[in-house]
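This report concerns only the one structure given below.
So you know, we letter chains A, B, ... as the sequences are listed, proteins then strands, and number each from 1.
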There are 2 protein chains.
Amino acid sequence: MLSAKTQYAIHALTFLGERFGKGPIPISQIAEHRQIPYKFLEAILLELRKSGVLGSKAGKNGGYYLLRPPEEVPVVDVIRQMEGPISLLPCVSKKFYESCRVCPHAEPGCIVREFFRQVRDSTLHAMEGRYLSELLDPHALKE
Amino acid sequence: MLSAKTQYAIHALTFLGERFGKGPIPISQIAEHRQIPYKFLEAILLELRKSGVLGSKAGKNGGYYLLRPPEEVPVVDVIRQMEGPISLLPCVSKKFYESCRVCPHAEPGCIVREFFRQVRDSTLHAMEGRYLSELLDPHALKE
DNA sequence: TTTAAATCCTATTAAATTGGTAGACTAAAT
DNA sequence: ATTTAGTCTACCAATTTAATAGGATTTAAA
């Protein structure tokens with residue numbers, strides 16, 4: 001299951017996506033509208049900025065904004081950024097590979113590994129090619 | 001990612017699967033061969049017995065054994081039993097449904113929910129119809 | 001140039017989860 | 001009776017998660 005942090009991140013990003021091109025949006029506005037604890041959200045947005053998803057502007061009239069249009073922000077990147085691996089085992093992860101502490105089998109030809117590689121492929125297939133724009137509320141004011 | 005507990009459970013079950021029909025196997029034997037801390041494994045096997053996957057026999061010549069042949073033990077059941085939901089959000093879980101604390105949208109028609117329902121479907125598709133028998137080491141002594 | 005509105009950043013904390021251990025008790029076989 | 005084995009409750013340490021505190025810094029505008 002996704003952590004609260006990742007879920008908050010997604011909702012903050014959709015909020016910013018719905019307001020793309022309207023300049024910086026302050027944390028307080030996102031926190032209020034999406035019911036996210038202010039300070040927790042602050043940490044999340046900082047992380048998303050450091051990982052290159054968001055830009056920010058300090059000072060009066062400052063806030064956060066998407067660096068690229070929602071059509072170009074892959075959902076899977078956001079999940080990986082906040083949550084870590086998509087895979088259920090470290091030994092089948094593409095982006096976070098580690099050998100299995102726990103597994104007694106030799107890796108090439110490990111049959112358990114093969115099963116979880118197929119699961120990962122299937123999960124990833126549903127995620128890849130999907131963008132933030134697809135998660136925006138169609139009823140959100142988009143003038 | 002799967003917890004160590006779930007990974008241990010899978011490896012213990014494959015061990016028992018490779019010895020199906022040979023009577024009860026004591027914890028100590030599984031723990032040694034699969035390099036799992038004895039007391040932790042004990043708790044795991046107890047849980048698998050209570051959930052109806054394993055049977056046990058106390059006393060001399062006792063131990064644990066699969067209640068049904070490995071061909072009839074769905075892998076997805078084991079994962080759910082040990083790890084909980086397959087879904088990434090509680091609001092799209094089939095077996096562990098809960099409403100989203102965190103989500104601001106109304107559930108029917110929530111577009112984020114729809115995305116994660118598709119992800120769950122895809123993951124589940126790769127898991128369902130797969131059985132413990134497919135995870136057994138083909139080189140394991142099967143006389 | 002002062003002030004207010006923002007982000008930046010480090011540290012801290014409380015609660016929950018995870019991984020693992022201890023030890024007394026019960027059951028069965030010889 | 002003894003030995004071998006599972007049962008069960010409780011406990012513990014480390015880590016992670018969720019959240020908070022508070023000062024420093026940046027910026028725009030009064």
Side-chain angles (χ1 to χ4, degrees), chain A residues 1-12 16 22-32 34-51 53-67 81-85 88 90 96 100-103, chain B residues 1-12 16 22-32 34-67 81-85 88 90 96 98 100-103:
Chain A
M1 300 262 288
L2 298 183
S3 62
K5 189 176 159 192
T6 303
Q7 294 182 54
Y8 287 148
I10 290 170
H11 288 300
L16 292 177
K22 302 205 172 172
I25 313 286
I27 301 174
S28 57
Q29 206 180 123
I30 309 173
E32 267 175 48
R34 290 296 165 95
Q35 295 273 83
I36 304 174
Y38 180 90
K39 280 299 213 174
F40 196 16
L41 178 57
E42 189 182 297
I44 292 166
L45 295 175
L46 200 59
E47 198 175 324
L48 288 169
R49 195 213 52 174
K50 286 183 176 164
S51 71
V53 177
L54 296 180
S56 68
K57 193 185 165 203
K60 205 159 192 173
N61 303 325
Y64 283 93
Y65 50 91
L66 284 174
L67 282 174
Q81 191 60 49
M82 303 306 296
E83 195 72 21
L88 292 177
F96 301 84
C100 274
R101 293 171 302 145
V102 142
C103 179
Chain B
M1 300 260 289
L2 298 183
S3 62
K5 188 175 158 191
T6 304
Q7 293 183 54
Y8 287 147
I10 291 169
H11 288 300
L16 292 177
K22 304 204 170 168
I25 313 285
I27 301 174
S28 56
Q29 206 180 121
I30 310 175
E32 269 174 48
R34 290 296 166 95
Q35 296 273 80
I36 303 173
Y38 180 90
K39 280 300 215 172
F40 197 17
L41 179 57
E42 188 183 295
I44 293 167
L45 295 175
L46 198 59
E47 199 174 324
L48 288 168
R49 195 214 53 175
K50 287 181 176 167
S51 70
V53 176
L54 297 180
S56 67
K57 192 188 166 201
K60 202 160 193 173
N61 303 325
Y64 283 95
Y65 50 90
L66 285 174
L67 283 174
Q81 192 59 49
M82 302 307 293
E83 196 72 20
L88 291 177
F96 301 84
E98 284 179 64
C100 274
R101 294 171 299 146
V102 142
C103 179

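- Checking the phosphate oxygens (OP1, OP2) of dC8(C), a side-chain nitrogen or oxygen of Y64(A) falls inside 4.0 Å.
- Here the nucleotide nearest the side chain of S3(A), chosen from dA18(D), dC8(D), dT21(C), is dA18(D).
- Of the candidate nucleotides dC8(D), dC8(C), dG6(D), dG6(D) has the atom nearest to the side chain of P26(B).
- Residues from residues 45-56 of chain B that place a heavy atom under 4.0 Å from any atom of DNA chain C: there are none.
- OP1 or OP2 of dA28(C) has not a single side-chain nitrogen or oxygen of N61(B) nearer than 4.0 Å.
- Distance CG (L41(B)) to P (dA5(D)): 14 Å, rounded to an integer number of Å.
- The CD atom of Q35(B) sits 16 Å away from the C1' atom of dG20(C) (whole-angstrom rounding).
- Atom-to-atom, NZ of K39(A) to P of dT12(C) comes out at 15 Å; the value is rounded to the nearest Å.
- In this model, the phosphate group of dA28(D) is approached by a side-chain N or O of K57(A) to a distance below 4.0 Å at OP1 or OP2.
- Closest heavy-atom contact between K57(B) and Y65(B): N-CE2, 4.1 Å.
- Two residues are said to be in side-chain contact when any heavy atoms from C-beta on lie closer than 4.5 Å; L45(A) and I30(A) meet this criterion.
- The nearest whole Å value for the distance from the CD atom in Q7(A) to the C1' atom in dA19(D) is 16 Å.
- Each of F40(A) and I25(B) has a nearest nucleotide on DNA chain D; the 5'-most of these lies closest to I25(B).
- The closest donor-acceptor contact from the side chain of Q7(A) to the backbone of L2(A) lies under 3.5 Å.
- Ion pair K50(B)/E47(B) not flagged as a salt bridge, since none of the NZ, NE, NH1 or NH2 atoms sits closer than 4.0 Å to an Asp/Glu carboxylate oxygen.
- Distances shown here put a side-chain N or O of Y8(A) below 4.0 Å from the OP1 or OP2 atom of dA19(D).
- Among the nucleotides dA4(C), dT7(C), dT20(D), the one closest to any side-chain atom of P37(A) is dT20(D).
- Atom CD in Q29(B) sits about 10 Å away from atom P in dG6(D), given to the nearest Å.
- With a 4.5 Å cut-off on side-chain heavy atoms, L54(A) and L67(A) do not count as touching.
- Put simply, NZ on K60(B) is 6 Å from C1' on dA29(C), counting in whole angstrom units.
- In this structure, the side chains of M82(A) and S3(A) stay at 4.5 Å or more apart for every pair of heavy atoms.
- The minimum heavy-atom distance between F96(A) and G84(A), with the atom names listed, is CE1-C, 3.6 Å.
- Surrounding CD of Q35(B) are at most 12 heavy atoms belonging to other residues, nucleotides or ligands under 6.0 Å away.
- We find that CG of L2(A) is positioned 10 Å from P of dA18(D), with the value rounded to whole Å.
- Within 3.5 Å, no donor on the side chain of K5(B) pairs with an acceptor on the base of dG20(C), nor the reverse.
- Checking the phosphate oxygens (OP1, OP2) of dA22(C), no side-chain nitrogen or oxygen of Y38(B) falls inside 4.0 Å.
- Computed from coordinates, the I44(A) CD1 to dA19(D) C1' distance equals 10 Å when rounded to whole Å.
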